[in-house]
Amino acid sequence: MAENNSDKNIVYYPGCTLHTWAKSLSDTFIESFKKLDINLHELSDWSCCQAVFPLARDNIMGLVPAARILIQAREHGDILTTLCSFCFNVLRRTNNAIQTDGEIRAKLNAYLEEDYTGDVHVLHPLEILKVMVGFDKLKSKVTKPCGNIKIGPYYGCQLIRPPKEMKFDDPEDPKLLDMFLESIGCEVVNFPFKVECCGSYQIVQGEDMVADRAYAILSNARKNGAEAIALSCPLCFYNLDTRQNLITQKYTDFSPMPVFYFTELMGMALGIDEGLCGFDKHKVDPGILLESLQKSSDTQEHVTVKNDQNKLGVN
Amino acid sequence: MKKSRVGVFVCHCGHNIARAIDIKSVMEKIRKYPGVAHVEDYIYLCADPGQKIVADKIKDKNLDAIVIANCSPNLHEKTFRDLVESVNMNRFKCEIANIREQCSWPHDQEREKATLKSVKIIESVIEKVKQNQELEPIRVPLTKKALVIGGGIAGIQAALDIANGGFKVILLERRATIGGKMAQLSETFPTLDCPQCIMTPKMVAVAKHENITLMTYSALESLEGYVGNFTVKIREKAKYVDWDKCVGCGDCTEKCPAKVDSEFDAKLSKRKAIYRDFPQAVPNKFVIDAEHCIKLTKGKCGVCEKICPAKAIKYDDKDEIIEEKIGAVIVATGFDLFGLEKVGEYGYGKYKDVIDGLQFERILAASGPTGGKVERPSDGKTPKDVVFIQCVGSRDPEFGMPYCSSICCMYTAKQAMLFKHAVPEGQPYIFCMDIRSTGKGYEEFVQRAVEEDGVVYLRGRVSKIYQDDDKIMVWGADMASGKKVEIPADLVVLSTAIVPAEGIKDLASKLRITTDEYGFLKEAHLKLQPVETLTSGIFIAGTAQSPKDITDTVAQASAAASKIMALFSSKEYIRSPTIARVDEDVCKGCGICVNACTYSAIELDTIKKISKVNEALCEGCGACAAVCPSGAMQQKNYTKKQLLDMISVATEDYDKG
Ligand SMILES: Cc1cc2nc3c(=O)[nH]c(=O)nc-3n(C[C@H](O)[C@H](O)[C@H](O)COP(=O)(O)OP(=O)(O)OC[C@H]3O[C@@H](n4cnc5c(N)ncnc54)[C@H](O)[C@@H]3O)c2cc1C
């Protein structure tokens, strides 16, 4: 099956941040998938997904943007993928609602003048890697294993909750990102806060609260042995990396911790052009970790970066 | 057919019926109904003068059937059938027309409609009784020996009661010893007596009782037959120790090299492959756990054989099947705890210092692995801050268990109290949803825990617990202050939900009894027949029926035992004859009825190609008659013709309108 991946068109919905703030997330994803012989077809005329799945059950209007994207995707293939956890959450749940709720299906189709029944599969890239590629195959394609970095996989909330609808992974102790990181050679650090909320949109009006959340998450990861965090959501990245200065201002005992998109690590491991990783856009310079990563793939010997941590600085 | 002479007696039930229904006009209408020879009313028909009127009129008016229009047949059908029998009328020639529960009560404010409806109810019952056959009750012989399945406190109590009543009992237990969960407890609320003091004497009494045959390390293989006449097969599992020789000295276990998690100590200690659950085990004998015995799995070792002074080791022991005839069964298979490993928020059971209630019982118990010293599992340190979390799984539809486990509020209070007695400088915290302390002396007990032992109750749920160095961090909500609380605990005890014992579904299907949606054994009627099942002769008791404490378990066990003693006290078992009957000329042997029958009372005679009803098994539910496509299967006195006639009489006037 893996061999035929190139025939299979996977439709890619980037969403608002992927061409702007989270460009490296998108670029490294596309390049890495090329290395794995998977073609991505980016939707051309896409719109915002609405970002948050409506909380009111009768807010069917709130599902229209996502339904429109799903219907568009259907023209180009039967698998739709997206990276941003919010987009993923909204798209998967909308598709689910269309499949299982007759009233929602009828109303959306009547409004959009369509006959969509929810037959597109909304898959997260991590699910594609697990099911369509296989972590074994991914492992065999790795040219520069990330053997030296102790990474804490951070899931946040949108990927996995509500579990009955998302069916992504165990809501309390998810493992998919862990498995992925292992397959590209990282040393995975399990930490209890891997599913704690990062504060999400509260960053707009509650910076202090987000600083507390981010501090708790990163400190907990470090306490359990992590040197860096890997995640998949642009908003988590914003709160944990871009605004890490909020933590350093508030908590003097805190020393910065690099944060990666999982696709950046995948790109590095598969040997894509490092320039695409956009490390210069990270607020916490992952440089030293990357150096050691470089060294590890050259010499295959273990170098600890922990002592060098104080050299990391917030840009 | 001879013309019927039906007498109709209408009861006022004080005001209960008379207020809502115009009795005079009912009587006038009924008087004109075909076949009615006499109509009469009285203020209380069930009272002595009322009964006398009925009996006299049956004789005076030469009636051949009567209809009593009064309350539900559940209340007085038996009263009036006994009455007519005393004046030589067949009891099935008396029927009840329920014009109270089904008419006057629900239609209190609609006199005209209620009056018409009660006429219709009475007329349709007249139609039925006219066609009723005179039937004789079915009498079946009885084997006066009971089987009690499960040797927890419920099974022990039931077996002792029946045995003391003079009847034989087999007590079947799947572990090697009786005692059940109660034997594992430290002390018991609300009196704080220790189970060793109040239960071990009962265990010994079981072993010594001449009327009780104790069969431990055994399982029910099959049950056939019907009430009073069951045949059971019991599998006596291979013990690999000859119990006639074993004296329970324990030399074998000391030297056995194979270590296994102890079930009795809830995995907090190790036992050997040759073991007994606890030193006070009844019977006081050892068994070899074949799965973990090195000799039995790998052929090497044999230490126990060498060491046993009684020469009791028998590596070539085999399971044995024993057949017994019995008359009735009590199922008392008890409960299990919902597994910690299923609760993600609380760490899936991966933190050593997050334990369940039974584990904490073992830690508190003088007979436990620490000899009653409170030490936590991870490092043996004495915990200071202990957090108890109630309703883990229970009252949580997300886990599929919306029910209350009923005993956790009490045992948590008890455990917090006992912890405080053992570690005076410690602080117990209890997260609860409510405190349910409804038993005798229970509320006082909880108050004592708060006032005398300083137990802190926090009303709210815990969202997460996780390990942080050597602390277990507990994040919860305190509804009183409206704040989030964080407690760095040394030990966390979860009151996980009470669930039915493993294997209950399988056992229930062997016994042809039903379980409820959660797997607890289902009673015939929650209020009025709480220890009966829908299968005659099979009774239930204890936590197998629903979560409950020892007090209620023992009460229910005694109730089930008394039902069996009542059954055994008559010469034969008398059953209602209103059961299914096959018209062999019409039946084509399609077998649809066989599948419809929940009591396995119908068999297909493949040679004659007809269905056959086993009169002793049939409960007269009517399911077979309803599904029979040819009308060959009929329920006596509820034939298709009777039911259709009743319906057409009842709906006639409404059709016109
Ligand atoms: C942590 C905890 C603390 C408690 N503290 C108290 C207290 O202080 N006071 C109080 O009143 N109550 C207390 N209880 C409740 C008490 O334990 C129960 O009420 C009581 O044990 C119920 O007895 P039982 O016979 O119904 O079930 P069990 O004790 O479970 O006994 C059932 C027996 O049946 C056997 N069995 C199961 N299936 C089969 C089968 N298929 N074939 C043969 N045998 C089978 C089992 O091995 C077991 O021996 C506590 C419960 C818990 C969990």
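Everything quoted here is computed from the prediction, not taken from an experiment.
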For the residue pair B:Val343 and A:Glu172, establish whether any side-chain heavy-atom pair is separated by less than 4.5 Å.
no

How many angstroms lie between atom CD of B:Glu345 and atom CG of A:Asp173, to the nearest 0.5 angstrom?
12.0 Å

Measuring from A:Asn224:CG to B:Asp468:CG, what's the distance to the nearest 0.5 Å?
8.0 Å

Taking atom [atom1] of [X] as the centre, does the number of heavy atoms from other residues, nucleotides or ligands within less than 6.0 Å exceed 12?
X        : atom1 : answer
B:Glu502 : CD    : no
B:Glu425 : CD    : yes
B:Lys471 : NZ    : yes
B:Lys483 : NZ    : no
B:Lys350 : NZ    : yes

Ring centre gap for B:Tyr466 and A:Phe193 strictly below 6.0 Å
yes

Treating B:Lys464 as the side-chain partner and A:Glu196 as the backbone partner, does any N or O pair qualify as donor plus acceptor under 3.5 Å?
no

Could you look at A:Asn220 and say if it's the side chain, the backbone, both or neither that has a heavy atom under 4.5 Å from chain B?
side chain

